[in-house]
> 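Could you have a look at this structure, given as C-alpha coordinates, before my questions?
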Protein chains: 2
Amino acid sequence: MKSSLTLEHQICFQLYTASKELTRLYRPILAPLNLTYSQYLVMLVLWEEDHIDLKQLGERLTLDSGTLSPLVKRLMQLDYVEKVRATDDERRVLLSLTPSGRALREQAEEVPLKVSGMLNIDEATYVAYMEMLIDIKARLRAFGEREE
Amino acid sequence: MKSSLTLEHQICFQLYTASKELTRLYRPILAPLNLTYSQYLVMLVLWEEDHIDLKQLGERLTLDSGTLSPLVKRLMQLDYVEKVRATDDERRVLLSLTPSGRALREQAEEVPLKVSGMLNIDEATYVAYMEMLIDIKARLRAFGEREE
DNA sequence: GGCAATTAAGTTGTGCACAATCTAATTATA
DNA sequence: TATAATTAGATTGTGCACAACTTAATTGCC
(Lines give C-alpha, C1' and ligand atoms only; values in the text may rest on other atoms or scores of the structure.)
Protein backbone atom coordinates (compact mmCIF):
# COMPACT_ATOMS: atom_id res chain seq x y z
CA MET A 1 0.00 0.00 0.00
CA LYS A 2 1.16 3.54 -0.78
CA SER A 3 2.79 4.58 2.42
CA SER A 4 5.41 7.06 1.22
CA LEU A 5 5.29 10.18 3.35
CA THR A 6 4.98 12.52 0.39
CA LEU A 7 2.30 15.16 0.07
CA GLU A 8 1.23 14.42 -3.48
CA HIS A 9 0.93 10.69 -2.81
CA GLN A 10 -1.63 11.12 -0.06
CA ILE A 11 -5.19 10.62 -1.20
CA CYS A 12 -6.29 12.86 1.66
CA PHE A 13 -4.32 15.74 0.23
CA GLN A 14 -5.81 15.28 -3.24
CA LEU A 15 -9.32 15.15 -1.78
CA TYR A 16 -8.67 18.15 0.42
CA THR A 17 -7.35 20.38 -2.36
CA ALA A 18 -9.88 19.17 -4.95
CA SER A 19 -12.69 20.03 -2.56
CA LYS A 20 -11.25 23.43 -1.73
CA GLU A 21 -10.69 24.31 -5.38
CA LEU A 22 -14.17 23.21 -6.41
CA THR A 23 -15.65 25.28 -3.59
CA ARG A 24 -13.61 28.22 -4.82
CA LEU A 25 -15.24 27.78 -8.22
CA TYR A 26 -18.69 28.06 -6.65
CA ARG A 27 -17.94 31.30 -4.83
CA PRO A 28 -18.45 33.72 -7.71
CA ILE A 29 -21.44 31.71 -8.97
CA LEU A 30 -23.15 31.84 -5.58
CA ALA A 31 -22.25 35.44 -4.79
CA PRO A 32 -25.24 36.89 -6.75
CA LEU A 33 -27.54 34.69 -4.62
CA ASN A 34 -25.90 36.02 -1.44
CA LEU A 35 -25.03 32.47 -0.41
CA THR A 36 -21.85 30.83 0.81
CA TYR A 37 -21.20 27.29 -0.30
CA SER A 38 -22.45 25.72 2.94
CA GLN A 39 -25.54 27.88 2.94
CA TYR A 40 -26.19 26.74 -0.63
CA LEU A 41 -26.09 23.10 0.54
CA VAL A 42 -28.71 23.88 3.19
CA MET A 43 -30.90 25.54 0.58
CA LEU A 44 -30.53 22.50 -1.71
CA VAL A 45 -31.90 20.29 1.05
CA LEU A 46 -34.79 22.64 1.72
CA TRP A 47 -35.78 22.92 -1.95
CA GLU A 48 -35.92 19.14 -1.93
CA GLU A 49 -37.66 18.74 1.42
CA ASP A 50 -39.21 21.75 3.09
CA HIS A 51 -40.00 21.78 6.87
CA ILE A 52 -37.09 19.49 7.70
CA ASP A 53 -35.89 19.46 11.29
CA LEU A 54 -32.38 20.57 12.15
CA LYS A 55 -31.35 17.12 13.32
CA GLN A 56 -32.11 15.49 9.96
CA LEU A 57 -30.59 18.42 8.09
CA GLY A 58 -27.39 18.00 10.05
CA GLU A 59 -27.30 14.29 9.31
CA ARG A 60 -27.67 14.82 5.58
CA LEU A 61 -24.88 17.39 5.49
CA THR A 62 -22.74 15.76 8.20
CA LEU A 63 -22.83 18.97 10.22
CA ASP A 64 -23.51 19.36 13.92
CA SER A 65 -25.53 22.01 15.72
CA GLY A 66 -22.41 24.06 16.43
CA THR A 67 -22.07 24.66 12.71
CA LEU A 68 -25.73 24.71 11.72
CA SER A 69 -27.10 27.03 14.40
CA PRO A 70 -25.15 30.13 13.38
CA LEU A 71 -25.42 29.22 9.67
CA VAL A 72 -29.21 29.02 9.88
CA LYS A 73 -29.25 32.28 11.80
CA ARG A 74 -27.56 33.95 8.84
CA LEU A 75 -30.04 32.38 6.40
CA MET A 76 -32.82 33.82 8.54
CA GLN A 77 -31.24 37.27 8.42
CA LEU A 78 -31.29 36.94 4.61
CA ASP A 79 -35.01 36.08 4.89
CA TYR A 80 -34.54 32.79 3.04
CA VAL A 81 -35.66 30.48 5.87
CA GLU A 82 -37.60 30.53 9.13
CA LYS A 83 -37.61 28.33 12.19
CA VAL A 84 -40.79 26.84 13.67
CA ARG A 85 -40.80 24.78 16.82
CA ALA A 86 -42.48 21.39 16.31
CA THR A 87 -45.75 21.06 18.23
CA ASP A 88 -45.52 17.33 18.89
CA ASP A 89 -41.99 17.53 20.31
CA GLU A 90 -40.97 20.92 21.61
CA ARG A 91 -37.28 20.07 21.35
CA ARG A 92 -37.38 19.84 17.57
CA VAL A 93 -37.10 22.87 15.31
CA LEU A 94 -38.42 22.71 11.78
CA LEU A 95 -36.74 24.77 9.10
CA SER A 96 -38.98 26.20 6.39
CA LEU A 97 -38.51 28.26 3.26
CA THR A 98 -39.81 31.81 3.18
CA PRO A 99 -41.30 33.07 -0.10
CA SER A 100 -37.89 34.64 -0.91
CA GLY A 101 -36.19 31.35 -0.19
CA ARG A 102 -38.58 29.49 -2.43
CA ALA A 103 -38.18 32.09 -5.18
CA LEU A 104 -34.40 31.77 -5.02
CA ARG A 105 -34.65 28.25 -6.40
CA GLU A 106 -35.23 29.56 -9.89
CA GLN A 107 -31.95 31.46 -9.88
CA ALA A 108 -30.20 28.44 -8.39
CA GLU A 109 -31.36 26.16 -11.19
CA GLU A 110 -28.55 27.37 -13.37
CA VAL A 111 -25.80 26.83 -10.80
CA PRO A 112 -25.16 23.13 -11.62
CA LEU A 113 -25.17 23.92 -15.33
CA LYS A 114 -22.56 26.62 -14.89
CA VAL A 115 -20.38 24.34 -12.78
CA SER A 116 -20.62 21.48 -15.27
CA GLY A 117 -19.61 23.85 -18.00
CA MET A 118 -16.63 25.01 -16.00
CA LEU A 119 -15.55 21.45 -15.25
CA ASN A 120 -15.97 20.60 -18.95
CA ILE A 121 -16.74 16.99 -18.15
CA ASP A 122 -18.83 14.41 -20.01
CA GLU A 123 -21.70 12.54 -18.39
CA ALA A 124 -19.93 9.16 -18.15
CA THR A 125 -16.84 10.61 -16.47
CA TYR A 126 -19.02 12.64 -14.14
CA VAL A 127 -20.89 9.55 -13.04
CA ALA A 128 -17.67 7.55 -12.59
CA TYR A 129 -16.24 10.29 -10.38
CA MET A 130 -19.39 10.48 -8.30
CA GLU A 131 -19.24 6.72 -7.76
CA MET A 132 -15.63 6.92 -6.68
CA LEU A 133 -16.42 9.55 -4.07
CA ILE A 134 -19.42 7.62 -2.82
CA ASP A 135 -17.23 4.52 -2.59
CA ILE A 136 -14.60 6.38 -0.55
CA LYS A 137 -17.30 7.47 1.87
CA ALA A 138 -18.67 3.92 2.04
CA ARG A 139 -15.21 2.63 2.96
CA LEU A 140 -14.83 5.32 5.62
CA ARG A 141 -18.22 4.43 7.09
CA ALA A 142 -17.46 0.72 6.96
CA PHE A 143 -14.43 1.40 9.10
CA GLY A 144 -16.42 3.62 11.44
CA GLU A 145 -18.92 0.83 11.97
CA ARG A 146 -16.22 -1.78 12.58
CA GLU A 147 -14.91 0.50 15.34
CA GLU A 148 -18.10 1.72 16.92
CA MET B 1 -25.15 17.01 -18.16
CA LYS B 2 -26.38 16.27 -14.64
CA SER B 3 -28.15 19.43 -13.69
CA SER B 4 -30.78 18.21 -11.26
CA LEU B 5 -30.85 20.40 -8.19
CA THR B 6 -30.51 17.51 -5.75
CA LEU B 7 -27.90 17.33 -3.04
CA GLU B 8 -26.71 13.79 -3.67
CA HIS B 9 -26.31 14.40 -7.41
CA GLN B 10 -23.87 17.24 -6.96
CA ILE B 11 -20.26 16.22 -7.34
CA CYS B 12 -19.33 19.17 -5.13
CA PHE B 13 -21.34 17.71 -2.26
CA GLN B 14 -19.74 14.28 -2.61
CA LEU B 15 -16.27 15.86 -2.68
CA TYR B 16 -17.06 18.09 0.26
CA THR B 17 -18.36 15.31 2.51
CA ALA B 18 -15.73 12.76 1.42
CA SER B 19 -13.01 15.26 2.28
CA LYS B 20 -14.56 16.12 5.63
CA GLU B 21 -15.05 12.48 6.59
CA LEU B 22 -11.52 11.52 5.61
CA THR B 23 -10.18 14.43 7.66
CA ARG B 24 -12.26 13.21 10.57
CA LEU B 25 -10.53 9.85 10.25
CA TYR B 26 -7.14 11.54 10.61
CA ARG B 27 -8.01 13.41 13.77
CA PRO B 28 -7.52 10.59 16.27
CA ILE B 29 -4.45 9.37 14.37
CA LEU B 30 -2.82 12.81 14.47
CA ALA B 31 -3.86 13.64 18.03
CA PRO B 32 -0.87 11.82 19.63
CA LEU B 33 1.43 13.94 17.43
CA ASN B 34 -0.32 17.12 18.64
CA LEU B 35 -1.10 18.03 15.04
CA THR B 36 -4.26 19.13 13.29
CA TYR B 37 -4.78 17.92 9.76
CA SER B 38 -3.58 21.16 8.16
CA GLN B 39 -0.55 21.28 10.41
CA TYR B 40 0.24 17.71 9.36
CA LEU B 41 0.21 18.80 5.70
CA VAL B 42 2.73 21.55 6.49
CA MET B 43 4.95 19.03 8.28
CA LEU B 44 4.71 16.67 5.28
CA VAL B 45 6.07 19.41 3.06
CA LEU B 46 8.88 20.22 5.48
CA TRP B 47 9.95 16.60 5.86
CA GLU B 48 10.19 16.53 2.10
CA GLU B 49 11.86 19.90 1.68
CA ASP B 50 13.28 21.68 4.69
CA HIS B 51 13.97 25.47 4.65
CA ILE B 52 11.11 26.18 2.25
CA ASP B 53 9.82 29.74 2.12
CA LEU B 54 6.25 30.50 3.12
CA LYS B 55 5.30 31.59 -0.38
CA GLN B 56 6.19 28.22 -1.92
CA LEU B 57 4.64 26.37 0.99
CA GLY B 58 1.39 28.24 0.44
CA GLU B 59 1.44 27.41 -3.25
CA ARG B 60 1.87 23.71 -2.63
CA LEU B 61 -0.98 23.60 -0.14
CA THR B 62 -3.16 26.21 -1.90
CA LEU B 63 -3.20 28.30 1.26
CA ASP B 64 -2.63 32.03 1.57
CA SER B 65 -0.72 33.93 4.25
CA GLY B 66 -3.93 34.61 6.15
CA THR B 67 -4.18 30.90 6.86
CA LEU B 68 -0.50 30.02 7.04
CA SER B 69 0.74 32.78 9.35
CA PRO B 70 -1.28 31.77 12.40
CA LEU B 71 -0.89 28.05 11.59
CA VAL B 72 2.90 28.36 11.50
CA LYS B 73 2.78 30.37 14.70
CA ARG B 74 1.14 27.39 16.41
CA LEU B 75 3.72 24.98 14.96
CA MET B 76 6.41 27.24 16.42
CA GLN B 77 4.72 27.14 19.83
CA LEU B 78 4.88 23.33 19.57
CA ASP B 79 8.60 23.69 18.82
CA TYR B 80 8.29 21.75 15.57
CA VAL B 81 9.42 24.57 13.23
CA GLU B 82 11.25 27.87 13.27
CA LYS B 83 11.27 30.88 10.99
CA VAL B 84 14.44 32.39 9.58
CA ARG B 85 14.44 35.50 7.45
CA ALA B 86 16.21 34.95 4.13
CA THR B 87 19.43 36.92 3.83
CA ASP B 88 19.29 37.49 0.07
CA ASP B 89 15.70 38.81 0.14
CA GLU B 90 14.57 40.20 3.48
CA ARG B 91 10.91 39.83 2.52
CA ARG B 92 11.12 36.04 2.38
CA VAL B 93 10.80 33.86 5.47
CA LEU B 94 12.24 30.36 5.43
CA LEU B 95 10.57 27.68 7.49
CA SER B 96 12.84 25.07 9.05
CA LEU B 97 12.39 21.99 11.17
CA THR B 98 13.58 22.03 14.76
CA PRO B 99 15.12 18.82 16.16
CA SER B 100 11.69 17.95 17.63
CA GLY B 101 10.05 18.56 14.27
CA ARG B 102 12.58 16.34 12.54
CA ALA B 103 12.16 13.66 15.19
CA LEU B 104 8.40 13.68 14.75
CA ARG B 105 8.79 12.24 11.27
CA GLU B 106 9.42 8.80 12.66
CA GLN B 107 6.08 8.74 14.47
CA ALA B 108 4.39 10.14 11.36
CA GLU B 109 5.70 7.32 9.18
CA GLU B 110 2.93 5.06 10.34
CA VAL B 111 0.13 7.55 9.67
CA PRO B 112 -0.38 6.66 5.97
CA LEU B 113 -0.29 2.97 6.84
CA LYS B 114 -3.00 3.38 9.46
CA VAL B 115 -5.15 5.39 7.05
CA SER B 116 -4.75 2.83 4.26
CA GLY B 117 -5.75 0.13 6.66
CA MET B 118 -8.83 2.05 7.69
CA LEU B 119 -9.81 2.70 4.09
CA ASN B 120 -9.25 -0.98 3.35
CA ILE B 121 -8.37 -0.24 -0.26
CA ASP B 122 -6.11 -2.09 -2.70
CA GLU B 123 -3.21 -0.43 -4.45
CA ALA B 124 -4.81 -0.34 -7.94
CA THR B 125 -8.03 1.30 -6.71
CA TYR B 126 -6.03 3.74 -4.61
CA VAL B 127 -4.01 4.83 -7.62
CA ALA B 128 -7.11 5.07 -9.84
CA TYR B 129 -8.83 7.28 -7.26
CA MET B 130 -5.78 9.50 -6.93
CA GLU B 131 -5.74 9.99 -10.68
CA MET B 132 -9.41 10.92 -10.74
CA LEU B 133 -8.91 13.56 -8.08
CA ILE B 134 -5.88 14.94 -9.87
CA ASP B 135 -7.93 15.04 -13.06
CA ILE B 136 -10.70 16.99 -11.34
CA LYS B 137 -8.15 19.54 -10.19
CA ALA B 138 -6.67 19.71 -13.70
CA ARG B 139 -10.11 20.49 -15.13
CA LEU B 140 -10.66 23.17 -12.51
CA ARG B 141 -7.30 24.73 -13.30
CA ALA B 142 -7.92 24.51 -17.05
CA PHE B 143 -11.04 26.58 -16.51
CA GLY B 144 -9.18 29.00 -14.28
CA GLU B 145 -6.61 29.56 -16.98
CA ARG B 146 -9.23 30.03 -19.73
CA GLU B 147 -10.69 32.80 -17.59
CA GLU B 148 -7.59 34.51 -16.27
C1' DG C 1 19.82 57.75 -7.95
C1' DG C 2 14.85 58.41 -7.33
C1' DC C 3 10.30 56.86 -7.32
C1' DA C 4 6.38 54.01 -8.85
C1' DA C 5 4.97 49.18 -9.17
C1' DT C 6 5.42 44.75 -7.40
C1' DT C 7 6.11 41.23 -4.02
C1' DA C 8 6.24 38.53 0.67
C1' DA C 9 4.29 38.38 5.08
C1' DG C 10 1.34 39.72 8.45
C1' DT C 11 -3.26 41.52 10.27
C1' DT C 12 -8.28 41.99 10.54
C1' DG C 13 -12.84 40.43 9.89
C1' DT C 14 -16.27 36.87 8.43
C1' DG C 15 -17.83 32.31 8.11
C1' DC C 16 -17.34 27.49 8.48
C1' DA C 17 -16.21 22.92 11.32
C1' DC C 18 -16.10 20.63 15.41
C1' DA C 19 -15.36 19.39 20.48
C1' DA C 20 -17.22 20.25 24.85
C1' DT C 21 -20.70 22.00 27.57
C1' DC C 22 -25.38 23.71 28.76
C1' DT C 23 -30.52 23.90 28.83
C1' DA C 24 -34.92 22.29 28.20
C1' DA C 25 -38.02 18.68 26.67
C1' DT C 26 -38.97 13.89 26.41
C1' DT C 27 -38.55 9.01 27.48
C1' DA C 28 -37.36 5.14 30.42
C1' DT C 29 -37.49 2.94 34.63
C1' DA C 30 -37.11 2.01 39.47
C1' DT D 1 -45.01 8.75 39.53
C1' DA D 2 -40.73 10.72 40.76
C1' DT D 3 -36.30 10.74 38.88
C1' DA D 4 -32.56 9.23 36.01
C1' DA D 5 -31.10 8.88 31.21
C1' DT D 6 -31.58 10.49 26.70
C1' DT D 7 -32.37 13.76 23.08
C1' DA D 8 -32.57 18.35 20.25
C1' DG D 9 -30.76 22.43 19.87
C1' DA D 10 -27.84 26.40 21.36
C1' DT D 11 -23.47 28.30 23.12
C1' DT D 12 -18.45 28.70 23.82
C1' DG D 13 -13.84 28.15 22.40
C1' DT D 14 -10.22 26.71 19.00
C1' DG D 15 -8.52 26.36 14.50
C1' DC D 16 -8.87 26.59 9.67
C1' DA D 17 -9.93 29.29 4.99
C1' DC D 18 -10.13 33.32 2.61
C1' DA D 19 -10.97 38.33 1.22
C1' DA D 20 -9.26 42.82 1.98
C1' DC D 21 -5.86 45.60 3.76
C1' DT D 22 -1.17 47.05 5.76
C1' DT D 23 3.84 47.15 5.98
C1' DA D 24 8.31 46.61 4.47
C1' DA D 25 11.62 45.04 0.99
C1' DT D 26 12.73 44.65 -3.79
C1' DT D 27 12.49 45.51 -8.70
C1' DG D 28 11.65 48.30 -12.83
C1' DC D 29 12.01 52.26 -15.28
C1' DC D 30 13.12 57.03 -16.13
Side-chain angles (χ1 to χ4, degrees), chain A residues 12-13 16-28 30-31 34-43 52-78 81-95, chain B residues 12-13 15-28 30-31 33-43 52-78 81-95:
Chain A
C12 65
F13 173 68
Y16 161 81
T17 47
S19 173
K20 265 199 323 174
E21 290 176 31
L22 187 51
T23 304
R24 208 191 320 275
L25 194 73
Y26 273 81
R27 242 186 295 279
L30 294 176
N34 284 308
L35 291 176
T36 66
Y37 179 69
S38 305
Q39 291 166 2
Y40 170 67
L41 293 182
V42 169
M43 295 305 289
I52 192 174
D53 70 51
L54 288 181
K55 177 80 159 86
Q56 285 175 274
L57 180 62
E59 276 166 11
R60 280 196 68 187
L61 301 175
T62 351
L63 289 174
D64 72 359
S65 67
T67 303
L68 275 181
S69 288
L71 195 159
V72 164
K73 198 178 285 178
R74 280 184 281 273
L75 286 176
M76 285 169 66
Q77 280 161 5
L78 289 165
V81 305
E82 56 192 5
K83 288 199 284 198
V84 182
R85 203 155 277 277
T87 48
D88 58 323
D89 182 343
E90 295 267 332
R91 287 171 306 181
R92 289 169 59 224
V93 168
L94 304 179
L95 205 60
Chain B
C12 63
F13 173 68
L15 250 181
Y16 161 81
T17 45
S19 173
K20 264 198 321 173
E21 289 175 32
L22 187 52
T23 305
R24 206 190 324 273
L25 194 73
Y26 274 81
R27 242 186 297 277
L30 295 176
L33 314 189
N34 284 309
L35 291 177
T36 65
Y37 179 69
S38 305
Q39 291 165 2
Y40 170 67
L41 293 182
V42 168
M43 295 305 289
I52 192 174
D53 72 51
L54 288 182
K55 177 78 158 85
Q56 285 175 274
L57 181 61
E59 276 165 12
R60 280 195 70 187
L61 300 176
T62 351
L63 289 175
D64 71 359
S65 67
T67 303
L68 275 182
S69 289
L71 194 159
V72 165
K73 196 178 290 178
R74 281 183 281 272
L75 285 177
M76 285 169 64
Q77 281 160 5
L78 289 165
V81 305
E82 56 192 6
K83 289 199 283 196
V84 182
R85 203 154 279 276
T87 47
D88 58 323
D89 183 343
E90 296 266 331
R91 288 170 305 181
R92 289 170 58 224
V93 168
L94 304 179
L95 205 60

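Each chain gets a letter, A, B and so on, in the order the sequences are listed, and its residues count up from 1. Since we're looking at a predicted model, the values are computed, not measured. Hydrogens, waters and symmetry mates are skipped; everything else that's a heavy atom, side chains included, is used.
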> For the atom pair CZ (B:Arg60) and OG1 (A:Thr17), what is the distance rounded to the nearest 0.5 Å?
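B:Arg60 atom CZ to A:Thr17 atom OG1 measures 11.5 Å (nearest 0.5 Å).
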
> Find which nucleotide of DNA chain D each of A:Arg27 and A:Pro70 is nearest to by heavy atoms, and output the residue with the more 5' nucleotide.
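Between the two, 5'-proximity favours A:Pro70.
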
> First locate atom NZ of A:Lys83, then atom CG of A:Leu54, and finally report the distance between them rounded to the nearest 0.5 Å.
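So the NZ of A:Lys83 and the CG of A:Leu54 are separated by 6.5 Å.
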
> May I have the distance from B:Leu71 (atom CG) to C:dG10 (atom P), rounded to whole angstrom?
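These atoms are roughly 12 Å apart.
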
> B:Lys73 has an atom NZ; how far is it from atom P of C:dG10, in whole Å?
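Between P of C:dG10 and NZ of B:Lys73: 8 Å.
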
> Please figure out whether B:Leu68 or A:Arg74 has its closest DNA chain C nucleotide nearer the 5' end.
B:Leu68

> Return the minimal non-hydrogen interatomic distance between B:Arg92 and B:Asp53, and the atom names on each side.
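For B:Arg92 versus B:Asp53, the nearest heavy atoms are NE-OD2, 3.0 Å.
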
> More 5' along DNA chain C: B:Arg24 or B:Lys83, using each one's nearest nucleotide?
B:Lys83

> Looking at every strand, decide which applies to A:Ser38 at a 4.0 Å heavy-atom threshold: base, sugar-phosphate, or nothing.
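Result for A:Ser38 = sugar-phosphate.
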
> How long is the span from the CG atom in B:Leu94 to the CD atom in B:Glu82, to the nearest 0.5 Å?
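Between B:Leu94 CG and B:Glu82 CD, I get 11.0 Å after rounding to 0.5 Å.
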
> If each of B:Arg85 and A:Asp89 is mapped to the nucleotide of DNA chain D with the nearest heavy atom, which maps nearer the 5' terminus, i.e. the 5' end?
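The answer here is A:Asp89.
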
> Of all the heavy-atom pairs spanning B:Ser19 and A:Tyr16, show the shortest one and how long it is.
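Shortest heavy-atom separation between B:Ser19 and A:Tyr16 comes out as OG-CA, 3.7 Å.
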
> Rounded to whole angstrom units, what separation is found between the CG atom of A:Asp64 and the C1' atom of C:dC22?
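Taking CG of A:Asp64 and C1' of C:dC22, I get 15 Å after rounding.
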
> Taking 5' to 3' order, which nucleotide of DNA chain D is first and which is last to have an atom within less than 4.0 Å of a heavy atom in chain B?
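With heavy atoms of chain B under 4.0 Å away, the range is D:dG15 to D:dT26.
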
> Working to the nearest 0.5 Å, report the span between CG of B:Leu95 and CE of B:Met43.
8.5 Å

> Roughly how many Å is it from CG in B:Leu57 to P in C:dG10, rounded to a whole number?
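About 11 Å, once rounded to whole Å.
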
> Indicate, with a heavy-atom threshold strictly under 4.0 Å, whether B:Thr62 touches base, sugar-phosphate, or nothing.
sugar-phosphate

> Rounded to the Å, how far apart are B:Leu54 CG and C:dA8 P?
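After rounding, the gap between these two atoms is 11 Å.
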
> Taking all atoms of both residues into account, what is the closest heavy-atom pair of B:Lys20 and A:Leu61, and its distance?
NZ-O, 3.1 Å

> Base, sugar-phosphate, or nothing: which does A:Thr36 touch, judged by heavy atoms less than 4.0 Å apart?
sugar-phosphate

